[in-house]
**Student:** 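Take a look at this one; I'll ask things after.
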There are 2 protein chains.
Amino acid sequence: MLDITDMHILKELTKNSRITMKELGEKVHLTGPAASARVAKLEDNGIIEGYTIKVNQVKMGCLVHAIIHIYTKSTNHQPYLSFLKEHNQFIINNYKVSGESCYLLECKFPSNEILDEFLTGLSNLVGYKLSIVINK
Amino acid sequence: MLDITDMHILKELTKNSRITMKELGEKVHLTGPAASARVAKLEDNGIIEGYTIKVNQVKMGCLVHAIIHIYTKSTNHQPYLSFLKEHNQFIINNYKVSGESCYLLECKFPSNEILDEFLTGLSNLVGYKLSIVINK
DNA sequence: TTAACTCCTTTCATAAATAAAGTCAAACCG
DNA sequence: CGGTTTGACTTTATTTATGAAAGGAGTTAA
């Protein structure tokens with residue numbers, strides 16, 4: 001399905017997705033149009049889901065990176081999921097997981113005060129355990 | 001520091017970072033060069049850290065998305081960190097966290113067998129609790 | 001008022017993307 | 001064996017975007 005050139009293309013686009021097709025072609029030993037055709041195929045296959053940017057969260061004013069283990073009390077998760085939607089500006093990921101907890105919620109907050117508010121609202125709906133990311 | 005137009009630019013680039021500066025300009029009510037200048041400034045400021053792609057992990061053959069809570073036994077974390085480096089093809093994130101566990105390790109594996117091998121190696125170095133992501 | 005500054009637009013030369021046509025090699029088949 | 005098809009690539013030519021330079025409008029402050 002994917003040959004070595006495709007893998008090379010994905011690697012280069014992961015490093016810099018705004019590279020020109022001509023430059024990408026040079027890196028993977030193809031001409032511009034050939035590289036472009038490969039990329040179009042990767043898009044059509046759904047291998048490449050999209051092009052995006054990495055934003056510096058700290059400079060954007062989001063200093064507190066929290067990971068919250070969620071233990072749902074009731075069988076109805078809807079109130080919790082609605083709560084997330086209302087606060088989606090802070091949410092990075094909400095994974096449903098097997099294991100000890102029910103969900104693993106990854107968030108970023110501009111301050112501890114706002115995290116505190118968030119947790120106060122959250123505690124009405126579910127049980128949780130909080131971890132704060134110190135380093136990556 | 002960042003005005004409403006900058007925020008709008010970041011939003012559009014997050015949705016599609018391969019958009020042309022002309023199109024981006026149209027979306028945020030600027031000309032191409034003006035949009036381009038704004039983006040250059042965001043790059044210089046370090047707000048935009050880079051341009052990348054979203055790759056469909058499942059289609060790439062990585063089906064098992066695991067989150068592993070790490071409890072280091074010894075005070076020397078180096079063996080664990082070296083182990084991660086040796087298996088870095090599976091590692092998405094390794095967060096040092098405050099809270100119950102020491103690290104929160106996010107990984108993707110092509111199969112349960114390979115996850116099993118990974119855990120076998122891991123258990124020589126640290127204690128862990130495993131969660132498998134069922135849904136996002 | 002004027003100077004300095006910022007941010008934008010306009011213009012234009014250069015560079016890249018894209019479409020179309022042509023090349024080549026491998027696979028298939030009468 | 002020769003001819004046809006197919007797929008992936010290159011080449012070429014046209015369209016389109018980029019990026020540099022010049023200029024204008026609005027703001028601030030001397």
Side-chain angles (χ1 to χ4, degrees), chain A residues 1-63 88-90 108-111 114, chain B residues 1-63 89-90 108 110-111 114:
Chain A
M1 179 130 184
L2 292 193
D3 65 13
I4 190 83
T5 304
D6 289 319
M7 298 301 284
H8 198 171
I9 286 172
L10 292 177
K11 199 173 115 196
E12 290 300 331
L13 287 178
T14 300
K15 275 200 286 186
N16 176 15
S17 68
R18 267 197 83 89
I19 195 175
T20 65
M21 287 299 120
K22 196 186 166 204
E23 274 182 280
L24 178 61
E26 280 164 20
K27 282 184 189 287
V28 304
H29 311 299
L30 288 174
T31 56
S36 182
R38 288 262 193 170
V39 170
K41 199 171 271 182
L42 289 168
E43 288 171 9
D44 293 344
N45 289 344
I47 304 278
I48 294 176
E49 292 182 326
Y51 299 88
T52 189
I53 51 173
K54 281 180 279 185
V55 174
N56 187 316
Q57 294 292 336
V58 171
K59 294 201 179 181
M60 289 293 289
C62 273
L63 301 159
N88 75 330
Q89 72 265 40
F90 305 126
K108 288 234 171 105
F109 298 93
S111 69
I114 291 175
Chain B
M1 180 136 183
L2 292 193
D3 64 11
I4 190 83
T5 303
D6 289 318
M7 298 301 285
H8 197 171
I9 285 173
L10 291 177
K11 199 173 116 195
E12 290 300 330
L13 287 179
T14 300
K15 275 200 288 185
N16 176 16
S17 67
R18 269 198 80 91
I19 194 175
T20 66
M21 287 300 119
K22 196 185 165 202
E23 276 181 281
L24 178 61
E26 280 164 19
K27 283 184 188 287
V28 304
H29 310 300
L30 289 175
T31 56
S36 182
R38 289 261 191 169
V39 170
K41 198 171 271 183
L42 290 169
E43 288 171 8
D44 293 344
N45 288 346
I47 305 279
I48 294 177
E49 292 183 326
Y51 300 88
T52 189
I53 51 174
K54 282 181 278 185
V55 173
N56 187 317
Q57 294 291 337
V58 171
K59 293 200 179 180
M60 290 293 289
C62 273
L63 302 158
Q89 73 265 40
F90 306 127
K108 288 234 171 104
S111 69
I114 292 176

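Residue numbers start from 1 in every chain, and the chains themselves are labelled A, B, ... in the order their sequence lines are given, proteins ahead of strands.
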**Student:** Tell me whether the side-chain N/O atoms of A:Lys41 come closer than 4.0 Å to OP1 or OP2 in D:dG7.
**Tutor:**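 Answer is no, no contact under 4.0 Å.
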**Student:** Nearest to the side chain of B:Pro33, heavy atoms from C-beta on, is which of C:dT10, C:dC8, D:dC9?
**Tutor:**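 Selected nucleotide (nearest to the side chain): C:dT10.
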**Student:** Could you tell me the separation between the CG atom of A:Leu24 and the C1' atom of C:dA15, rounded to a whole number of Å?
**Tutor:**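 Rounded to whole Å, this separation is 17 Å.
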**Student:** Expressed in angstrom and rounded to an integer, what is the separation of A:Arg38 atom CZ from C:dA17 atom P?
**Tutor:**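 Distance check: A:Arg38 CZ to C:dA17 P gives 17 Å.
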**Student:** Is the backbone N or O of B:Gln57 less than 3.5 Å from a side-chain atom of B:Lys108, with the two atoms forming a donor-acceptor pair by type?
**Tutor:**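 It does not hold such a pair.
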**Student:** Take atom CG of B:Leu30 and atom C1' of C:dT6, then tell me their distance rounded to the nearest Å.
**Tutor:**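 B:Leu30 atom CG is separated from C:dT6 atom C1' by 14 Å.
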**Student:** Quick one: B:Asp3 CG to C:dC8 C1', roughly how many Å, whole number?
**Tutor:**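 Interatomic distance, CG of B:Asp3 to C1' of C:dC8: 13 Å.
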**Student:** Applying side-chain contact (heavy atoms from CB on, under 4.5 Å) to A:Met60 and B:Leu10, what does each step give before you reach the verdict?
**Tutor:** CA-CA 11 Å; A:Met60 289 293 289; B:Leu10 291 177; 3.8 Å; yes
**Student:** When the distance from CG of B:Leu42 to C1' of C:dC7 is rounded to whole Å, what number comes out?
**Tutor:**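 Going from CG in B:Leu42 over to C1' in C:dC7 covers 14 Å.
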**Student:** Is a side-chain donor or acceptor of A:Thr14 paired with a backbone partner of B:Thr52 at a separation under 3.5 angstrom?
**Tutor:**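 No, the answer is negative, given that no donor and acceptor are paired below the 3.5 Å cut-off.
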**Student:** Which is it for B:Arg38 and B:Asp3 under the side-chain contact (heavy atoms from CB on, under 4.5 Å) test, yes or no, and what are the steps along the way?
**Tutor:** CA-CA 11 Å; B:Arg38 289 261 191 169; B:Asp3 64 11; 2.9 Å; yes
**Student:** Do A:Arg18 side-chain atoms and B:Ile19 backbone N/O form a donor-acceptor pair below 3.5 Å?
**Tutor:**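 Yes; judged by distance alone, with no hydrogens or angles, the pair exists.
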**Student:** Restricting to nitrogen or oxygen on both sides, can you table the protein-nucleotides 16-18 of chain D pairs closer than 3.5 Å?
**Tutor:**
unit_1	atom_1	unit_2	atom_2	d
D:dA17	OP2	B:Lys22	NZ	3.1
D:dT18	OP1	B:Met21	N	2.9
D:dT18	OP2	B:Met21	N	3.2
D:dT18	OP2	B:Lys22	N	3.2

**Student:** What pairs of nitrogen or oxygen atoms, one from the protein and one from nucleotides 22-24 of chain D, lie under 3.5 Å apart?
**Tutor:**
none

**Student:** Roughly, in whole Å, what's the span from CG in A:Asp6 to P in D:dG7?
**Tutor:**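 These atoms are roughly 16 Å apart.
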**Student:** Using the six-membered ring wherever Trp is involved, compare the ring planes of A:His29 and A:His8 and label them parallel, tilted or perpendicular (cut-offs 30° and 60°).
**Tutor:**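 Aromatic pair A:His29/A:His8 classed perpendicular.
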**Student:** Is there a donor-acceptor contact under 3.5 Å from the side chain of A:Lys27 to the main chain of A:Glu12?
**Tutor:**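 No; judged by distance alone, with no hydrogens or angles, the pair does not exist.
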**Student:** Of B:Val39, B:Ile47, B:Ile4, which meets side-chain contact (heavy atoms from CB on, under 4.5 Å) against B:Ile9?
**Tutor:**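 Single pass found, and it is B:Val39.
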**Student:** Could you tell me whether the side chain of A:Met1 reaches within less than 4.5 Å of the side chain of A:Asn45, counting heavy atoms only?
**Tutor:**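 Yes, side chains in contact.
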